[in-house]
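Each remark here refers to the structure printed beneath this line.
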Number of protein chains: 2
Amino acid sequence: MLSKKTKYGLKALTFLARAEGDAPVQVGTIAKSENIPQKFLEGILLTLRKSGILGSKKGKHGGYYLRQDPSEIKMTDVMRVLEGPIAMVPCVSLNFYEKCDDCPDEHACSVHKLMIMVRDNTLKVLRNNTLADLSNTKS
Amino acid sequence: MLSKKTKYGLKALTFLARAEGDAPVQVGTIAKSENIPQKFLEGILLTLRKSGILGSKKGKHGGYYLRQDPSEIKMTDVMRVLEGPIAMVPCVSLNFYEKCDDCPDEHACSVHKLMIMVRDNTLKVLRNNTLADLSNTKS
DNA sequence: ATTAATCCTACCGTTTTAGTAGGGATTACA
DNA sequence: TGTAATCCCTACTAAAACGGTAGGATTAAT
């Protein structure tokens with residue numbers, strides 16, 4: 001299951017991508033428009049900023065903004081920041097690899113085999129889609 | 001993340017597929033061989049039986065067995081029984097559809113669009129793989 | 001100085017996960 | 001007919017994750 005955190009984060013990013021101009025957008029504005037609890041969204045945007053995807057401006061008239069063009073922001077990066085590993089099992093994760101404690105031989109493991117295939121196909125989708133693709137209102 | 005339940009279930013099914021002959025296999029045998037807590041595995045095999053994937057024989061010399069040839073058992077079915085919906089979001093689930101409570105227009109939702117693509121690619125993998133493919137020791 | 005915003009930490013109730021415990025029902029076999 | 005092995009079922013539990021909320025510190029514009 002996709003967490004609310006990720007879902008809300010994606011919606012917020014889409015909102016920012018669609019927002020014209022480069023003036024920072026306030027959390028409250030996004031929260032209201034996208035039906036997201038404001039305080040919850042605050043934390044989400046904070047982690048997006050810490051990861052380098054968003055920038056922020058403090059104080060009055062402050063807010064958040066994208067640090068790159070939407071077409072440069074890959075879904076793999078966003079998903080890893082918000083949702084964590086893309087692989088469904090740590091033993092097939094590229095960025096968060098971990099050995100299974102059961103499972104004596106990884107290469108003989110049937111789950112391993114299947115999850116590598118799932119991962120590769122998911123990666124293909126997430127690598128081929130940028131925030132610009134999501135923000136596009138057409139189809 | 002794949003739950004332990006699903007992981008253990010897949011391993012158990014693989015074990016059964018590899019077991020020669022049609023004599024039922026006991027939970028204890030599988031548990032020991034695959035490093036799975038026996039009592040936990042008991043429950044998992046029970047749900048697999050209730051879903052129709054496994055059959056069982058009670059009493060002494062009882063155990064579990066596959067009800068179809070491994071090549072007939074699709075990963076989509078197994079995953080839906082053990083892990084639940086394949087889609088990451090209920091609003092793109094084929095078998096477990098549910099409307100989002102936020103999100104006024106599903107078709108305008110960027111998350112929806114992305115998750116449909118992910119789902120379709122995952123489905124492709126799971127539909128094209130049977131238990132026979134998993135059990136195959138080669139590559 | 002006031003106001004409006006981000007930033008940060010801590011907390012909290014609910015649900016899910018990953019089991020464990022204990023026994024009932026059924027069957028093989030001596 | 002008795003006993004051991006096995007599946008079957010319910011209930012319980014500790015720990016983690018999820019989905020927030022609360023309260024205030026900090027920073028910047030006016």
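First the proteins, then the strands, lettered A, B, ... as listed; each starts at 1.
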**Study point:** Nearest-nucleotide pick for B:Lys57, side chain only, options being C:dA28, D:dG19, D:dA29
**Key:** C:dA28
Revision key, fill the gap. Value for OG1 (B:Thr122) from CE (B:Met115), rounded to nearest 0.5 Å, stands at 9.5 Å
Practice item. Begin from the C-alpha positions of A:Tyr64 and A:Ile30 and carry the test side-chain contact (heavy atoms from CB on, under 4.5 Å) through to its verdict. Key: CA-CA 10 Å; A:Tyr64 289 93; A:Ile30 305 175; 5.5 Å; no
Point to revise | Length of the CD1-C1' vector between B:Ile44 and D:dC9, whole Å | key: 16 Å
Practice item. Using whole Å, report how far CZ of A:Arg49 lies from P of D:dT27. Key: 12 Å
Review point. Rounded to the nearest 0.5 Å, what separation is found between the CG atom of A:Leu54 and the CG atom of A:Leu48?
Key: 5.0 Å
Practice item. Starting from P on C:dA5, measure out to CG on A:Leu46 and report it in whole angstrom. Key: 17 Å
Check your understanding: For A:Lys39, which contact category applies under a 4.0 Å heavy-atom criterion: base, sugar-phosphate, or nothing?
Key -> base
Study note, to complete from the structure: A:Phe40 atom CZ is separated from C:dC7 atom P, nearest whole Å, by 17 Å
**Study point:** Closest to the A:Tyr64 side chain, choosing from C:dT6, D:dT30, C:dA18
**Key:** C:dT6
Practice item. Using a heavy-atom cut-off of under 4.0 Å over every strand shown, decide if A:Lys7 touches base, sugar-phosphate, or nothing. Key: nothing
Check your understanding: Is there a donor on the side chain of B:Glu42 or the base of D:dC8 sitting less than 3.5 Å from an acceptor on the other?
Key -> yes
Point to revise | Pair A:Ser3-A:Glu83, side chain to side chain donor-acceptor pair (under 3.5 Å): steps then yes or no | key: CA-CA 7 Å; A:Ser3 65; A:Glu83 191 74 6; 2.9 Å; yes
Check your understanding: Across the strands shown, which category fits A:Lys58 at heavy-atom distances under 4.0 angstrom: base, sugar-phosphate, nothing?
Key -> sugar-phosphate
Exercise for review: Report the distance from atom CD1 of B:Ile36 to atom NZ of B:Lys4, rounding to the nearest 0.5 Å.
Suggested key: 10.0 Å
Check your understanding: Across the strands shown, which category fits B:Gly43 at heavy-atom distances under 4.0 angstrom: base, sugar-phosphate, nothing?
Key -> nothing
Practice item. Taking only the side-chain nitrogens and oxygens of A:Tyr8, find out if one of them lies under 4.0 Å from OP1 or OP2 of D:dG20. Key: yes
Point to revise | Between C:dT17 (C1') and B:Leu2 (CG): distance, integer Å | key: 13 Å
Review point. Just how far, in rounded Å, is C1' of D:dT6 from NZ of B:Lys60?
Key: 10 Å
Check your understanding: A:Lys50 has an atom NZ; how far is it from atom C1' of C:dC7, in whole Å?
Key -> 8 Å
**Study point:** Listed nucleotide nearest any side-chain atom of B:Ser3, set D:dT21, C:dC8, C:dA18
**Key:** C:dA18
Exercise for review: Can you tell me the distance, in whole Å, between the NE2 atom of B:His61 and the C1' atom of C:dA28?
Suggested key: 6 Å
